[in-house]
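Let me begin by presenting the structure, written as structure tokens, before commenting on it.
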Protein chains: 2
Amino acid sequence: MALIKRNTWQREAVRKALASSPSFVSAQQLHAKLESAGSAIGLATVYRALASLAEMNEVDCLNSPEGEQLYRSCASGHHHHHLICRSCGKAVELEADTVEKWTAAVAKQHGFTEVSHVVDMFGTCAECSASSE
Amino acid sequence: MALIKRNTWQREAVRKALASSPSFVSAQQLHAKLESAGSAIGLATVYRALASLAEMNEVDCLNSPEGEQLYRSCASGHHHHHLICRSCGKAVELEADTVEKWTAAVAKQHGFTEVSHVVDMFGTCAECSASSE
DNA sequence: TTCTTATTGAGAACTCATCTCAATATAGGC
DNA sequence: GCCTATATTGAGATGAGTTCTCAATAAGAA
């Protein structure tokens, strides 16, 4: 009963636009970027493409402090966290064995199961804090 | 130029309703609870009260995976994190020196300043996973 | 009590995101 | 290459959550 996936230029355009951005971007930003680059792509399609890419683990997805969903293409398939610049969106991928172990231990200790965790850091990167002076 | 804060029964009602709930609740849930308890309080007022209490650090505030803002009254004034039950909203407060040190070190290492971090865990608590069987 | 003005509340407005459904375009079969 | 079934698209409607507007209200000082 699995749906057959078709390849459309829209999905590919989203993938490329994401790949060309080192920063986390919102679906709306991505849509604007694509439109201004000449692609007549619909906003709904961008959302759908992002959701499908996220499900395939081709992109990282996180919630900004403002409540928006942010996306970034992600080559490394394994679990990791981010340090994100509030100003320019630039992100550093973080390995965090320490944190993984800590969360697992704490969850077990309190009898919680099916535990997922959100570990993200937001700050101002060196370039942005330099340029704002 | 500081605004003078006035004490209203509405703000107090929100504070009490929050204090009586051991779980994280959304603004809307809190409003429904207050209304069903007989308080003719406006939704906008609940949002404003929560925002102002959050600013005074009287309540904890976090984003649920679904993108809602959740609130819980918080006596302990110091920084901490949570392990929250997806099903009933029950939360365990977590001390995490390990994590604090790790985030500080990582931020410094990458030249980020004014760093805040989000560390929250969502799972199913022992009671909820037992009652769902 | 009176006056100033912070606060309230009903609804409008806003944002982000998802859904609807007719039109389109892809991929497999001929 | 052409046809056909159907996955996908896109414009706009819809929905959820939150904030804003502004006239009416009420807290606190004089």
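No experiment lies behind these values; they were computed from the predicted model shown.
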Next item on the list: Please name all residues satisfying side chain to side chain donor-acceptor pair (under 3.5 Å) with A:Lys108, sequence neighbours left out, ordered by chain then number.
Entry: none
Next item on the list: Can you tell me the distance, in whole Å, between the NE2 atom of B:His31 and the P atom of D:dG17?
Entry: 14 Å
Notebook entry, point to check: Hydrophobic cluster mates of A:Leu70, side-chain heavy atoms under 4.5 angstrom, ILVMFWY only, any path?
Noted result: A:Phe24, A:Leu62, A:Ile84, A:Val118, A:Phe122, B:Phe24, B:Leu62, B:Leu70, B:Ile84, B:Val118, B:Phe122
Checklist line | Gap between atom OG of A:Ser64 and atom CD of A:Gln69 - 0.5 Å precision | finding: 9.0 Å
Checklist line | DNA chain C contacts made by residues 18-25 of chain A, counting heavy atoms under 4.0 Å | finding: none
Item checked: B:Ser21 side-chain N/O to B:Leu18 backbone N/O, donor-acceptor pair under 3.5 Å -> no
Margin query: Regarding A:Glu114 and B:Arg86, does a basic nitrogen lie under 4.0 Å from an acidic carboxylate oxygen?
Written below: no
Next item on the list: For A:His117, enumerate each residue passing the ring-ring contact (aromatic ring centres under 6.0 Å, His included) test, keeping only those at least two apart in sequence or located in another chain.
Entry: A:His79, A:His81
Next item on the list: Please state how far atom CD in A:Gln29 lies from atom P in C:dT15, giving the value in whole angstrom units.
Entry: 14 Å
Item checked: Smallest separation among heavy atoms of A:Ser26 and A:Glu68, with atom names -> CB-OE2, 3.6 Å
Check: Closest nucleotide of DNA chain D for B:Gln28 versus for A:Glu35: which of these residues is on the 5' side?
Finding: A:Glu35
Item checked: Any residue of residues 60-73 of chain B with a heavy atom less than 4.0 Å from an atom of DNA chain D -> B:Glu68, B:Gln69
Checklist line | Per-nucleotide protein contact string for nucleotides 24-30 of chain C, where B marks a base within reach and S marks sugar-phosphate only (heavy atoms under 4.0 Å, - for neither) | finding: -BBS---
Checklist line | Side-chain hydrophobic cluster, 4.5 Å single linkage: members besides A:Leu43 | finding: A:Tyr47
Check: Considering the terminal five base pairs at each end of the helix from C:dT1-D:dA30 to C:dC30-D:dG1, what angle separates the two local helix axes, rounded to 10°?
Finding: 30°
Notebook entry, point to check: Would you say B:His31's side chain and B:Ile41's backbone share a donor-acceptor pair under 3.5 angstrom?
Noted result: yes
Check: Counting distance only, does the side-chain N/O of B:Ser131 pair as donor-acceptor with the main-chain N or O of B:Cys128 below 3.5 Å?
Finding: yes
Check: Going by side-chain heavy atoms closer than 4.5 Å, which hydrophobic residues are tied to B:Val119, directly or by a chain of links?
Finding: A:Leu83, A:Val92, A:Leu94, A:Val99, A:Trp102, A:Val106, A:Phe112, A:Val115, A:Val119, A:Met121, B:Leu83, B:Val92, B:Leu94, B:Val99, B:Trp102, B:Val106, B:Phe112, B:Val115, B:Met121
Margin query: Show, in sequence, the C-alpha distance, side-chain angles and deciding distance for B:Glu127 and B:Cys88, and conclude whether the side chain to side chain contact (heavy atoms under 4.5 Å, CB included) test is met.
Written below: CA-CA 9 Å; B:Glu127 286 85 45; B:Cys88 68; over 6 Å; no
Check: In terms of heavy-atom contacts, does NZ of B:Lys16 have more than 12 from other residues, nucleotides or ligands at under 6.0 Å?
Finding: no
Notebook entry, point to check: What salt bridge (charged side-chain N to carboxylate O under 4.0 Å, His left out) pairs are there with at least one residue in residues 34-56 of chain B, not counting sequence neighbours?
Noted result: none
Next item on the list: Tell me, please, which residues at least two apart from B:Glu12 pass side-chain contact (heavy atoms from CB on, under 4.5 Å).
Entry: B:Arg15
Check: What are the residues of residues 40-48 of chain A, sorted by number, that bring a heavy atom to within less than 4.0 Å of DNA chain C?
Finding: A:Ala44, A:Tyr47, A:Arg48
